[in-house]
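For reference, the structure is listed below as structure tokens.
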Amino acid sequence: MISRLFKVQLAILLMAIAAVNVQANLFIEINRGNDNPSPVAIVPFAGAQGLPEDIQSIITADLERSGFFKPIPTADMLSMPVNKAEVVFRDWRVLGANFLVIGQMIPEGDKYNVRYELYDVLAQKNILTAQVKGGRNGLRDIAHAVSDAVYEKVTGIRGIFSTKMLYVQDLRKPSAGRYRLMYADVDGARAQVLLASSEPILSPTWSADGKRIAYVSFETSRPAIYIMEMATGRKTQMTHFRGLNGAPSFSPDGTQLAMVLSKDGMPDIYVMTIANKRLRRITSDHYIDTEPNWNADGSGVIFTSNRGGSPQIYQINLSNGRPERLTFEGDYNARPRVSPDGKSLVVVHRQRGVYHIATQDIATGNMRILTETWLDESPSIAPNGAMLLYATQHNKKGVLGAVSMDAGVKFRLPAKEGDVREPAWAPYL
Amino acid sequence: MIDRMSLLTLPLLVTLLLHGVLIWAVVHVWQVPEPPPNFKKPEFVKATLVELKTKAPEKKSAGSKVKKIDLTANKKDNTAEIKKRKQKEAAAQKAQQIKEQKAKEAKQKAAKQEAAKEKAKREKAAAEKRASEEARKQQQEALDKALLKEEMMLAEQAEAEVVNSYKAIITERIISKWSRPPSARRGMICELVIQLVPTGKIITVNITKSSGNQAFDRSAEQAVRAVDQIPELQKMDINTFERNFRTIHLQFNPEDRRL
Amino acid sequence: MKKLYSAVAFAAAFGLMTGCSSNKPVETVEEVVEPVAVEVVEDTVEEAVVIDTTFYFEFDSSSLTTAARAALMLHAEQLAASPRAVRLEGHGDERGSREYNMALGERRANAVRDFLVIQGVNAGSVETVSYGEERPAEMGSGEMVWSKNRRVELK
């Protein structure tokens with residue numbers, strides 16, 4: 001009897017201990033993810049009907065192109081809420097939406113005050129309420145501003161939908177305006193001709209503040225580097241040396257321009273002080289040194305050189321002139337660009353005779369090919385560092401493509417007349 | 001004389017007989033208990049362990065479905081043996097009691113003649129008996145303890161396997177729903193505590209440790225909320241559920257990220 | 001056609017064995033293979049179009065081909081006789097990065113210039129310009145197209 005009683009007591013005690021132990025320790029580690037695009041519902045904004053631009057479809061296209069979102073078709077929507085009171089989370093949960101965007105456009109004189117809200121459908125809560133104002137001819141800007149805000153709230157990264165780009169267009173037929181330097185929204189819309197010439201235009205690039213651009217033009221029948229002020233369109237010829245005058249790159253502080261010149265023999269890297277056009281020669285050897293690009297803090301220049309037998313990327317420290325080879329994978333790595341955080345490079349990389357865009361972690365040297373197309377060139381990184389534009393070919397035409405820095409998202413911008421190439425993604429303005 | 005002698009001899013014989021009975025009883029008590037449990041215990045432990053081990057792989061090979069180990073089956077086996085042993089013990093005790101009583105009755109008859117002697121002897125016997133009983137009790141308790149421990153261990157082992165199989169289901173569900181924002185980086189860690197009900201429905205989700213990146217935290221929370229329910233948990237024994245799945249700690253740690 | 005011209009020029013050069021330029025009216029080139037050309041020796045320099053003015057290169061190479069060397073020798077002779085400013089335009093195919101191709105185009109133009117200078121042409125009268133891949137002779141992709149775009153044009 002005593003034995004039985006003891007046994008019961010012991011059992012209770014042990015069970016209690018076991019229960020407490022196990023309950024405190026049930027721990028699950030989630031160390032992988034699927035990374036499927038997050039379903040998002042963008043409801044047509046109230047008061048947006050009949051406008052020259054379709055706000056909803058611009059936001060939808062923006063978010064879809066980001067690769068992080070999967071928009072839900074409008075036709076599937078069970079309700080069209082305009083404000084918080086009208087949001088029924090169940091309606092969106094049923095559609096599998098993780099996020100919901102609603103908004104309304106309130107006319108204020110000749111402008112619109114656009115109020116929009118973002119909801120976390122799963123947590124059933126509002127995570128963003130904001131407004132943006134704009135004129136009737138700025139509807140695309142309004143839509144991109146909404147996309148930027150939604151993207152940033154959900155991803156933790158600043159959006160790039162409102163940013164601009166430069167690119168070169170070649171109409172492929174000899175004419176007075178065959179070569180064009182273009183300025184457009186980063187989705188390709190609202191393209192404007194900045195410059196047209198019968199002679200080639202190439203290597204457009206932005207100053208860090210987005211107020212000036214530099215490019216190479218053959219308009220004098222020889223290459224020369226120019227700087228253009230975006231606000232006024234005023235052009236200044238910076239170089240006109242014998243031989244190559246190419247690959248301009250603004251220093252991060254905007255006071256200097258790195259470039260390639262071959263006036264002294266072989267193509268070498270020079271740095272020009274913009275204010276007085278004084279030149280400083282950075283490399284001096286019997287090889288091709290070209291395509292300079294400043295590193296993130298302006299302490300050095302990264303460039304392409306064939307000094308090792310094949311084109312590879314080197315970095316030269318401007319204070320001590322010491323070069324360091326950065327790429328070792330493959331026999332062709334050229335046209336480097338440094339990411340905004342200074343941690344990685346993007347280059348044109350040849351693999352088995354095919355040219356792709358690749359990224360390399362500067363610290364580890366690990367290289368990763370990002371594109372699958374052929375003849376890829378001219379990578380240009382977005383100011384948020386999450387994506388890049390590049391030039392490639394499609395249907396025997398030069399087109400622009402975009403790829404996320406983790407290679408998860410790829411898309412092509414709409415084809416234009418002739419060849420389109422050399423995209424240069426503008427900084428945040 | 002003869003009569004007096006015969007008068008004396010009868011009680012004497014009875015006394016002797018009673019003594020004999022008493023001695024037999026004492027000897028019997030010493031011998032009757034079941035074989036020393038100390039030797040049997042290891043055998044028992046061994047046998048069960050082997051049985052468990054052979055069982056486990058069979059279940060694994062049964063398919064990707066939940067491995068469910070029938071806890072009660074094992075328990076039944078164990079309790080059956082224990083019951084048997086208990087019955088045996090009880091029987092022995094009863095026999096013993098009967099014999100003791102008989103001896104007592106006989107003693108009362110002869111008590112007056114050799115009271116002192118008999119008393120001493122009886123007391124000695126009783127002490128011996130008490131000691132033997134005490135020893136037996138201690139042994140029994142030790143055995144019980146060992147058995148309990150063993151039972152607990154086996155139960156825990158079986159439960160751990162069940163828990164692990166459900167853990168795997170939950171992990172996969174959450175992974176399939178986890179869309180990390182592009183700002184996610186290796187080394188970011190977000191911890192959540194979730195509460196479930198026996199239907200497998202996740203009823204509360206709370207962030208207990210932020211990664212410092214709101215978007216990353218939200219992605220973890222959304223992954224869990226998107227899973228919503230793990231219906232498989234309905235098949236689970238309620239006690240196992242209560243002990244293990246009522247509250248779950250989750251740690252999101254994107255080790256597969258390149259950056 | 002260009003090949004034929006170059007062959008004719010080559011033959012003419014051996015036939016003459018002089019420092020004179022070989023000048024033939026364009027319309028007579030095809031039938032005239034013998035020293036008939038001698039009769040029109042005194043024709044003006046501008047009719048030198050018969051000599052190959054485009055020189056092709058292998059992939060990633062700035063080495064002159066035999067045909068290019070022969071033609072360039074004739075050009076050198078012409079230029080020695082009647083100096084003029086010469087412009088050498090270097091080009092590459094579309095593969096690889098543009099500014100690097102610009103450098104490759106210049107290397108080709110320089111290789112041609114150096115050959116002419118060695119042949120006695122005044123370096124000061126030769127200008128080199130690289131167009132890289134910006135002005136392809138032929139549009140499109142593939143080795144057939146690319147081989148026509150890797151070139152130096154003498155103007």
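Residue numbering restarts at 1 for every chain, and letters A, B, ... go by the order of the sequence lines. Atoms considered below: every heavy atom in the structure, side chains included; atoms not considered: hydrogens, waters and symmetry mates.
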Residue A:Lys153 versus chain B: region with a heavy atom under 4.5 Å = both
query = What pair of heavy atoms forms the shortest contact from A:Leu95 to A:Ile72, and how long is it?
reply = O-CD1, 3.8 Å
request  = Step through it carefully: locate the ring centre of A:Tyr151, locate the ring centre of A:Phe161, and say whether they are under 6.0 Å apart.
outcome  = yes
inquiry  = In this structure, is the centre-to-centre distance between the rings of B:Phe216 and B:Trp178 below 6.0 Å?
reply    = yes
ask   = What part of B:Arg218 gets closer than 4.5 Å to chain A, counting heavy atoms only: side chain, backbone, both or neither?
value = side chain
inquiry  = Quick check on B:Gln222 against chain A: is it the side chain, the backbone, both or neither that has a heavy atom closer than 4.5 Å?
reply    = both
key: Between A:Val154, A:Val121, A:Asn366, the one whose heavy-atom pairs under 4.5 Å with chain B are most numerous   = A:Val154
task = Give the member of B:Val224, B:Asn239, B:Asn213, B:Asp228 that has the highest number of heavy-atom pairs under 4.5 Å with chain A.
result = B:Asp228
request  = Return the option, out of B:Ala220, B:Cys190, B:Ala215, B:Ser179, with the maximum number of heavy-atom pairs under 4.5 Å with chain A.
outcome  = B:Ser179
inquiry  = Is it the case that the side chains of B:Asp144 and B:Gln140 hold a donor-acceptor pair, with the cut-off being a distance below 3.5 Å and no angle test?
reply    = yes
task = Please flag which part of B:Pro254 lies under 4.5 Å from any non-hydrogen atom of chain A: side chain, backbone, both or neither.
result = backbone
query = Going through the checks in order, is the side chain to side chain contact (heavy atoms under 4.5 Å, CB included) test met by A:Leu388 and A:Thr359?
reply = CA-CA 10 Å; A:Leu388 63 83; A:Thr359 179; 6.0 Å; no
ask   = Taking atom CZ of A:Arg32 as the centre, does the number of heavy atoms from other residues, nucleotides or ligands within less than 6.0 Å exceed 12?
value = no
ask   = Is the count of non-hydrogen atoms from other residues, nucleotides or ligands lying under 6.0 Å from A:Lys70 atom NZ greater than 12?
value = no
inquiry  = Is A:Asp120 close to chain B through its backbone or its side chain, or both, or neither, when contacts mean heavy atoms under 4.5 Å?
reply    = both
task = Answer with side chain, backbone, both or neither: which region of B:Arg257 has an atom nearer than 4.5 Å to a non-hydrogen atom of chain A?
result = side chain
message = Let's test your reading of the structure: which of A:Gly67, A:Ser38, A:Gly156 forms the most heavy-atom pairs below 4.5 Å with chain B?
response = A:Gly156
